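In what follows, a single structure is set out as structure tokens and then discussed.
All values derive from a computational prediction rather than experimental measurement.
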Amino acid sequence: MKKTMVRLCILLAAGALAASCSRGPKQPDRAALLEMMDRYLEAVVRHDPTGLPFARNVKLVENIQPTEVGKGLWETASAGPTGFKIYVADPKAGQVGFMGVIGDKGKPALLGARLKVVDGRIAEIDHMVSPLTGELPAGLLKPRAGLLTPLEASERVPREEMLRAANAYYDAIEQSDGNVAPFADECQRRENGITAANNQDPPPPGPTPFGAMAAFGRMKCAEQLSTGIMGYITDINQRRLFAVDEEMGLVMAYSMFNHDGEPNPMKIKGVPGVTERANEWGKFTVPAAHIYKIRGGKIYEIEAIGYMAKHGIKNGWE
């Protein structure tokens, strides 16, 4: 009887161990993902990747180019994040995003970063580095409060609805129809720190003729897109909506904005006295990173960074 009980205990212990092993490492929670991103950024600034838990086949893409870990920004980063930094952590997807101002080659730059964590190890990395010139705009000194404030329980919607809302932003641009996306009336869009829609700052001295981009920038998000002023963006593809931070109400995504140089001129709708505008931007592609604040299913804040690249280029993950 005693031997039987011993065998039973051994079998039960073995079974528990096997079950524990089959579950694998614990999925990182939100706090662990944030800590991983901070550790990663600190290591980049030190130019020392040792000590970080990289997967065997880790892949890094920097500015749409596959890059060896330890190269690129790992060699040129000169200072860690300033007071402008936003995190988007998604424990369900095992991904965490970051957008902020860092030092690169001794000068300020915008960084959009992504880490994918699998079995406790960093398996995928994105760096989007956009140099900044001149004085930092006020929009890059600190993030808007809405991007740092957790949602109230009553403001939360399912993650699938958050993803649909964020993805609809791209559709609204392609269709020149602001009603396609669920913009809040207060929605404000910033691009590289500059307020590009619903700009509430006092206007500069002197008249601003309608047809100028500054005048369109004072329009609300939906109203602006419905005029057709962003019709120079032909299509937005290679969309990767990779992180949904349900606690903060944030979605972060990478995409490619393609500009074909057509139509020229662009037709403008709903603006008295303005029926068309020259398409003066030419042919190129903008790799972009966006963070969306979604409350009650509506988009309230959009923070975007991007830079110009060769037209039609792929994102490095194809």
Side-chain angles (χ1 to χ4, degrees), residues 29-31 33-34 37 84-100 110 112-116 126 128 139 142-175 177-200 219-226 230 233 236-255 257 288-306:
D29 59 16
R30 188 173 185 279
L33 287 171
L34 296 178
M37 178 59 80
F84 184 87
K85 50 186 177 181
I86 309 165
Y87 298 86
V88 184
D90 187 345
K92 291 183 180 177
Q95 303 213 56
V96 57
F98 169 86
M99 187 181 289
L110 269 168
R114 175 185 74 97
L115 301 179
K116 181 176 182 179
D126 263 298
M128 179 176 289
K142 63 179 182 179
R144 288 169 280 177
L147 296 167
L148 304 178
T149 306
L151 292 179
E152 300 288 343
S154 61
E155 297 173 322
R156 297 190 180 190
V157 296
R159 62 188 287 120
E160 293 77 15
E161 187 174 342
M162 294 175 67
L163 285 165
R164 281 195 299 271
N167 193 54
Y169 170 70
Y170 305 116
D171 296 333
I173 293 175
E174 288 184 342
Q175 299 173 36
D177 184 353
N179 296 314
V180 169
F183 293 113
D185 197 49
E186 304 94 322
C187 171
Q188 189 179 71
R189 186 180 78 251
R190 288 184 182 173
E191 299 173 353
N192 290 1
I194 304 298
T195 304
N198 204 2
N199 188 341
Q200 299 296 309
M219 289 181 162
K220 296 182 178 181
C221 291
E223 176 190 19
Q224 182 194 79
L225 295 188
S226 292
M230 293 181 75
I233 300 171
I236 305 165
N237 60 24
Q238 301 171 68
R239 305 177 191 179
R240 293 182 290 144
L241 288 77
F242 64 86
V244 179
D245 193 324
E246 298 178 70
E247 179 178 323
M248 300 297 294
L250 301 178
V251 175
M252 188 166 179
Y254 288 106
S255 59
F257 281 57
H290 285 76
I291 293 178
Y292 305 93
K293 177 73 173 199
I294 298 170
R295 290 194 282 124
K298 292 185 177 294
I299 302 172
Y300 278 81
E301 279 98 15
I302 304 171
E303 198 75 44
I305 66 174

Checklist entry - Got a donor-acceptor contact below 3.5 angstrom from the Ser226 side chain to the Asp177 backbone? => result no
Checklist entry - How about Gln224 and Asn198: do any of their side-chain heavy atoms sit closer than 4.5 Å? => result no
Item to check | Partner set under salt bridge (charged side-chain N to carboxylate O under 4.0 Å, His left out) for Asp171, not counting sequence neighbours | outcome: Arg239
Checklist outcome for this item: Those residues at least two apart in sequence (or on a different chain) that pass salt bridge (charged side-chain N to carboxylate O under 4.0 Å, His left out) with Lys298 are none
Checklist entry - Who are the side chain to side chain contact (heavy atoms under 4.5 Å, CB included) partners of Gln238, not counting sequence neighbours? => result Met256, Lys314, Asn315, Glu318
Next on the checklist: To check you understand the geometry: which heavy-atom pair defines the closest contact between Ala172 and Phe183, and what is its length?
Outcome noted: CB-CE1, 4.4 Å
Checklist outcome for this item: With sequence neighbours left out, the residues meeting side-chain hydrogen bond (donor to acceptor under 3.5 Å, both in side chains) with Asp126 are Arg114, Arg240, Trp317
Checklist entry - Shortest non-hydrogen contact from Ala168 to Val180? => result CB-O, 3.7 Å
Checklist entry - Residues in side chain to side chain contact (heavy atoms under 4.5 Å, CB included) with Arg295, at least two apart? => result Leu151, Glu155, Lys293, Tyr300
Checklist outcome for this item: CE (Met162) and CG (Leu241) are apart, to the nearest 0.5 Å, by 10.5 Å
Item to check | Tyr170 side, atom OH; Asn237 side, atom CG - distance, nearest 0.5 Å | outcome: 11.5 Å
Checklist entry - Can you name the residues that form a salt bridge (charged side-chain N to carboxylate O under 4.0 Å, His left out) with Arg144, not counting sequence neighbours? => result Glu303
Item to check | Any Arg156 side-chain heavy atom under 4.5 Å of Glu247 side chain | outcome: yes
Next on the checklist: Any heavy-atom pair between the side chains of Ile305 and Met99 that's under 4.5 Å?
Outcome noted: yes
Next on the checklist: Run the side chain to side chain contact (heavy atoms under 4.5 Å, CB included) test on Val96 and Val88 for me, step by step, so that the C-alpha distance in whole Å, both residues' side-chain angles and the decisive distance to 0.1 Å come before the verdict.
Outcome noted: CA-CA 6 Å; Val96 57; Val88 184; over 6 Å; no
Next on the checklist: So which atom in Ile291 and which in Ile86 form the shortest heavy-atom distance, rounded to 0.1 Å?
Outcome noted: CD1-CG2, 3.8 Å
Item to check | Set of residues satisfying side-chain hydrogen bond (donor to acceptor under 3.5 Å, both in side chains) with respect to Lys220, sequence neighbours excluded | outcome: Asp185
Next on the checklist: How long is the straight-line distance from CG of Leu163 back to CD of Glu160, given to the nearest 0.5 Å?
Outcome noted: 7.0 Å
Checklist entry - Between His290 and Phe257, how do the two ring planes meet: parallel, tilted or perpendicular, split at 30° and 60°? => result parallel
Checklist entry - Minimum heavy-atom separation for Pro143 to Lys85, with atom names? => result CG-O, 3.5 Å
Checklist outcome for this item: Interatomic distance, CE@Met248 vs CG@Leu148, rounded to 0.5 Å, equals 6.0 Å
Item to check | Nearest heavy atoms of Arg189 and Cys221, plus distance in Å | outcome: N-SG, 4.1 Å
Checklist entry - Looking at side-chain heavy atoms only, is the closest gap between Cys187 and Ile302 below 4.5 Å? => result yes
Next on the checklist: The criterion is side chain to side chain contact (heavy atoms under 4.5 Å, CB included); which residues satisfy it with Thr195, sequence neighbours excluded?
Outcome noted: Gln188, Arg190, Asn199
Checklist entry - Passes side chain to side chain contact (heavy atoms under 4.5 Å, CB included), Arg164 versus Asn167? Steps please. => result CA-CA 5 Å; Arg164 281 195 299 271; Asn167 193 54; 5.9 Å; no
Checklist entry - How would you list, by chain and number, every residue that makes a ring-ring contact (aromatic ring centres under 6.0 Å, His included) with Tyr254, sequence neighbours excluded? => result Phe242
Checklist outcome for this item: Asp90 meets the side chain to side chain contact (heavy atoms under 4.5 Å, CB included) criterion, sequence neighbours left out, with Lys92, Ala93, Arg159, Ala243, Val244
Checklist entry - With sequence neighbours excluded, what pairs up with Glu152 under the side-chain hydrogen bond (donor to acceptor under 3.5 Å, both in side chains) test? => result none
Checklist entry - Which heavy-atom pair separates Leu250 from Tyr87 by the least distance, and what is that distance? => result CD1-O, 3.6 Å
Next on the checklist: My understanding is that only residues two or more places apart in sequence, or in another chain, count here; which of them pass salt bridge (charged side-chain N to carboxylate O under 4.0 Å, His left out) with Asp29?
Outcome noted: none
